[in-house]
Amino acid sequence: MTPRTTDWWRHAAIYQVYPRSFADGNGDGIGDLAGVRSRLGYLQQLGIEAIWFSPWYLTPMADAGYDVTDFRRIDPRFGTLAEAEKLISEAHERGLRIIVDVVPNHVSDEHAWFTAALDAAPGSPERDLFWFRDGRGDSGELPPNEWQSIFGGPAWTRVPDGQWYLHLFAPQQPDLNWRNPLVRAEYEDILRFWFDRGVDGIRVDSAAMCSKDPTLPDYDHALSPNPHPYVDLDDNHDIYRGWRAVADSYPEPRALIGEVWLADSARFARYLRNDELHSAFNFDFLGCSWDADALRAVIDQTLAAHASVSAPSTWVLSNHDVTRHVTRYGRPDTSTAAGIRQYNPVVNEDLGRRRARAAGLLTMALPGAVYIYQGEELGLPEVEDIPADRRDDPIYHRTGGKDPGRDGCRVPLPWSGTSEPYGFSPEGAATSPWLPQPAAWAQLSAATQNTDPHSTLNLYRRALAVRAAEPSLGDGPMRWLDSAPGVLAFTRGQEFTCVVNLSTTPVPLPGDAQILVSSQPLNQAELPGDTSVWLRTTA
Ligand code: NOJ
Ligand code: CA
């Protein structure tokens, strides 16, 4: 089957595969393309329509593959280009679209451009592909400005000849200079490289950060909130207009999906104008606490911002950068659910999972596309007790452990069995998974959940099947219904209603409604706290 409509990105359920942690085909403890290929049946059965792959390119793994040495090669840990091509066509045969991750803000310090820049002289064309500058101070011993890396520490590193280069992330991720036309040409060619191989969409990493104020001014958020010298500069829009032209040059247009973290929803929407990106992740919703009024306000604001540019909204609860939402929603103080990454060992995991299941039904019922992060369908919690010497994330190491980092949401998936590697690696593999898996995960494995009708896995399968069959779900309008405090209720179309009870008090259900899916077993009369239900309601 070839995948269906051309505007699939307006409504699709998209599953994020973090290749390193999804499934290990060759037994070295690291997930790979062979592992993904062996699990395509699982993804098809889950009922998703597209797979987004976090980076699978050649990389020294200083930032788990978001430091790319060569966008046209697959990292040997993951497989080969030929295997990626097979994976793309096998996925298409199953009706699944493929989205790959492209990282325009920076490359790896092992990228040929950067090694050439290091070998070249200050002021050379090679250095102009990046942000090389002389330092301040009597002998240039101070960085060119005070910008800080998002991963902690200064955003500048000095090279042996005394110049400094900019890296908004780790030092192994030098920022590209998007004012240089070679950078533009190269990335448009990378898009073509993957589109020519049948890829259906691109996820654009750190999309709002590429352009920089070339005067590189110091920046103090408290003193001068606007304009920012490297977030959301107007030149970014030009970049994506160029990319959109590439995407639209294919007979079946390819989708561009931006990672755009901006507090201002009107500025966010500008990236979704009809000659720029097709959609972008909605992080306001992800960061919102488990609170009916707060969620309703975020939903309304999201829909309004997207409506202004006729773009579809997206809904996402977790990804490879944030604490898994079972854990966020299980924090003792609900306001901390808004913190996307923090230590707080006191977690009520059962409550968190109950809310996560309810939130899953909410997101799958909202207008637009929905993202599911691998393991979310298993109700996995964050793993918070990874020993320091097993942690890999540069955020953890560069902040001296003050920020727990992202390893806890990247632990290899449990597929089957009662002990590590839980089917992540093949039987008898000599190497254990690259991050340790908790003992309690035997209960959460896909195989265990497969046979339990009330499991989170079966809840997601049921919900995705209903969502795919229900014409009023996905893209299209929604209408709020009056509801009790702490309850969200809305309709889609004439006959579909979603009710989410975020309070602790049960609320009555309409007597004549047919229950399509519920996040907890229900009796017909009432909806308990922290529970969602989808209803068929005939007027
Ligand atoms: C956002 C990605 O999602 C994250 O994992 C990565 O570390 C940064 N961008 C830098 O590429
Ligand atoms: Ca492997």
Side-chain angles (χ1 to χ4, degrees), residues 16-39 52-57 59-69 71 74-80 83 99-109 111 149-152 155 166-176 202-210 230-231 257-261 280-281 283 286 316 318-323 340-341 371 373-374 392-399 403 405-410 412-413 415 421 423-426 429-435:
Q16 180 187 357
V17 166
Y18 189 74
R20 205 179 180 189
S21 304
F22 184 71
D24 169 23
N26 69 353
D28 65 355
I30 301 171
D32 49 42
L33 301 190
V36 178
R37 290 175 64 201
S38 73
R39 301 286 182 185
W52 151 34
F53 287 94
S54 279
W56 55 20
Y57 319 105
T59 171
M61 291 272 184
D63 182 23
Y66 283 92
D67 48 320
V68 178
T69 306
F71 279 102
I74 300 291
D75 193 274
R77 277 166 283 221
F78 295 145
T80 62
E83 249 179 315
I99 298 165
V100 298
D101 212 318
V102 167
V103 187
N105 181 68
H106 46 266
V107 290
S108 161
D109 62 346
H111 190 285
S149 153
I150 289 153
F151 287 173
L166 175 68
H167 52 84
L168 292 179
F169 295 93
Q172 298 88 343
Q173 294 166 294
D175 279 45
L176 289 165
I202 300 285
R203 180 261 189 189
V204 188
D205 187 77
S206 306
M209 296 173 70
C210 294
Y230 58 79
V231 175
I257 302 143
E259 188 207 16
V260 180
W261 294 84
F281 297 102
F283 294 117
L286 183 153
V316 44
S318 278
N319 64 30
H320 64 296
D321 290 332
V322 303
T323 300
I340 55 168
R341 228 171 31 231
Y371 284 83
Y373 174 51
Q374 67 176 41
D392 180 71
D393 187 359
I395 293 188
Y396 176 84
H397 295 291
R398 285 180 65 83
T399 62
D403 186 320
R406 303 163 293 180
D407 294 309
C409 65
R410 298 175 174 181
L413 293 191
W415 289 97
F424 171 71
S425 298
T431 319
S432 47
W434 70 278
L435 281 175

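All ligand and atom numbering here is 1-based and tracks the order in the structure. These numbers were taken from a predicted model, which means no experiment stands behind them.
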Enquirer: Tell me, which residues have any heavy atom less than 4.0 Å from some atom of ligand 1?
Expert: Asp63, Tyr66, His106, Phe151, Phe169, Arg203, Asp205, Ser206, Glu259, His320, Asp321, Arg406, Arg410
Enquirer: Classify the angle between the aromatic ring planes of His320 and Tyr373 as parallel (below 30°), tilted (30 to 60°) or perpendicular (above 60°).
Expert: tilted
Enquirer: Are any of the side-chain heavy atoms of Glu259 and Asn319 separated by less than 4.5 Å?
Expert: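 No. Closest side-chain heavy atoms not under 4.5 Å.
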Enquirer: Hey, what do you get for CG (Leu286) to OH (Tyr371), rounding to the nearest 0.5 Å?
Expert: 13.0 Å
Enquirer: Using the rule given for side chain to side chain contact (heavy atoms under 4.5 Å, CB included), can you reason through Glu83 versus Arg37, listing the C-alpha separation, both sets of side-chain angles and the distance that settles it, and then say yes or no?
Expert: CA-CA 9 Å; Glu83 249 179 315; Arg37 290 175 64 201; 3.7 Å; yes
Enquirer: Report yes or no: do Asp101 and Tyr57 form a side-chain donor-acceptor pair below 3.5 Å?
Expert: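 The criterion, which ignores hydrogens and geometry beyond distance, is not satisfied for Tyr57 and Asp101.
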Enquirer: Could you check which N/O/S atom of Asp32 is closest to the Ca ion (ligand 2)?
Expert: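 Considering only N, O and S atoms, Asp32 comes nearest to the Ca ion (ligand 2) through OD2.
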Enquirer: Quick check on the 6.0 Å ring-centre criterion: do Trp415 and Phe22 meet it?
Expert: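 Centroid separation for Trp415 and Phe22: below 6.0 Å.
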Enquirer: How is the N/O/S atom of Asp28 that comes nearest to the Ca ion (ligand 2) named?
Expert: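 Considering only N, O and S atoms, Asp28 comes nearest to the Ca ion (ligand 2) through OD1.
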Enquirer: Does any part of the side chain of Asp175, heavy atoms only, come nearer than 4.5 Å to the side chain of Leu166, both counted from C-beta?
Expert: yes
Enquirer: Assess, by modelled atom type and distance only, whether the side chains of Gln16 and Ser54 contain a donor and an acceptor separated by less than 3.5 Å.
Expert: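 Their side chains do contain a donor-acceptor pair, which is all the 3.5 Å distance test asks for.
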Enquirer: Is Ile30 close enough to the Ca ion (ligand 2) that one of its N, O or S atoms comes in under 3.0 Å?
Expert: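 Looking at Ile30, which is the residue asked about, there is an N, O or S atom under 3.0 Å from the Ca ion (ligand 2).
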Enquirer: Please state the angle at the Ca ion (ligand 2) spanned by OD1 of Asp24 and OD1 of Asn26: what is it, rounded to 10 degrees?
Expert: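 Roughly 80°, rounded to 10°.
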